[in-house]
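Note that the coordinates shown come from a computational prediction; the quantities given were computed from them, not determined experimentally. As a basis for the values below, the full set of heavy atoms in this structure was taken, side chains included, without hydrogen atoms, waters or symmetry mates.
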Amino acid sequence: MTEQQYLNKALASLHNGQWFGWKKDWTGEHRMSYENIIVHDSSITKPSEAEVNAKIQELKDAEQAAIDKKASGKQKLKDLGLDDDESNALMGA
């Protein structure tokens, strides 16, 4: 995932609905960046950049944990004597 995709996913996970958008006349290197977030829902305040960065890191950590668990499971199957084709068939790879 790109950094902009992580940002979008992090923001979407903070509140329900399409509560945020992006400035049309954006500044900086990317339109989808923290500085260009606009809030569409007046009952929601813009989260701090630290909150957004923490959520992005949480998403990245969860993604890495899933990758690590899959690799660990695959190794355990190999340790039990399954070959790559058999373990891939079981894991849906």
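Counting heavy atoms of neighbouring residues, nucleotides and ligands inside a 6.0 Å radius, atom CD of Gln18 exceeds 12 of them.
Each salt bridge (charged side-chain N to carboxylate O under 4.0 Å, His left out) pair with one or both residues in residues 76-85, not counting sequence neighbours, appears once here: Lys78-Asp84. Applying the salt bridge (charged side-chain N to carboxylate O under 4.0 Å, His left out) test to every pair with at least one member in residues 3-14, sequence neighbours left out, gives these pairs: Glu3-Lys60. Counting only residues at least two apart or on different chains, the salt bridge (charged side-chain N to carboxylate O under 4.0 Å, His left out) pairs with a member in residues 46-58 are Lys55-Glu58. Sequence neighbours left out, the pairs with a member in residues 4-23 that pass ring-ring contact (aromatic ring centres under 6.0 Å, His included) are His15-Trp19, Phe20-Trp22.
Met32 and Ile38 fall into different hydrophobic clusters, where Ile, Leu, Val, Met, Phe, Trp and Tyr are joined by side-chain heavy atoms under 4.5 Å apart, directly or via other members.
For Gln57 and Asp61, the side-chain atoms include at least one donor-acceptor pair closer than 3.5 Å.
Partners of Thr27 under the side chain to side chain contact (heavy atoms under 4.5 Å, CB included) rule, at least two apart in sequence or in another chain, are Glu35, Asn36.
In terms of heavy-atom proximity, Val52 sits nearest to Ala10 at O-CB, 4.3 Å. Between Ser87 and Lys74, the shortest heavy-atom distance links the atoms OG-CE, 3.8 Å.
Here the straight-line distance linking atom CD1 of Ile56 with atom CG of Leu11 works out to 7.0 Å at 0.5 Å rounding. Note: Ile67 CD1 to Ser72 OG = 13.5 Å, rounded to the nearest 0.5 Å.
With contacts defined as side-chain heavy-atom distances shorter than 4.5 Å, the pair Thr45/Val39 does not qualify. Considering only heavy atoms from C-beta on, Met1 stays 4.5 Å or farther from Leu59 through its side chain.
The hydrophobic side chain of Trp26 is isolated, with no ILVMFWY side chain under 4.5 Å apart from it.
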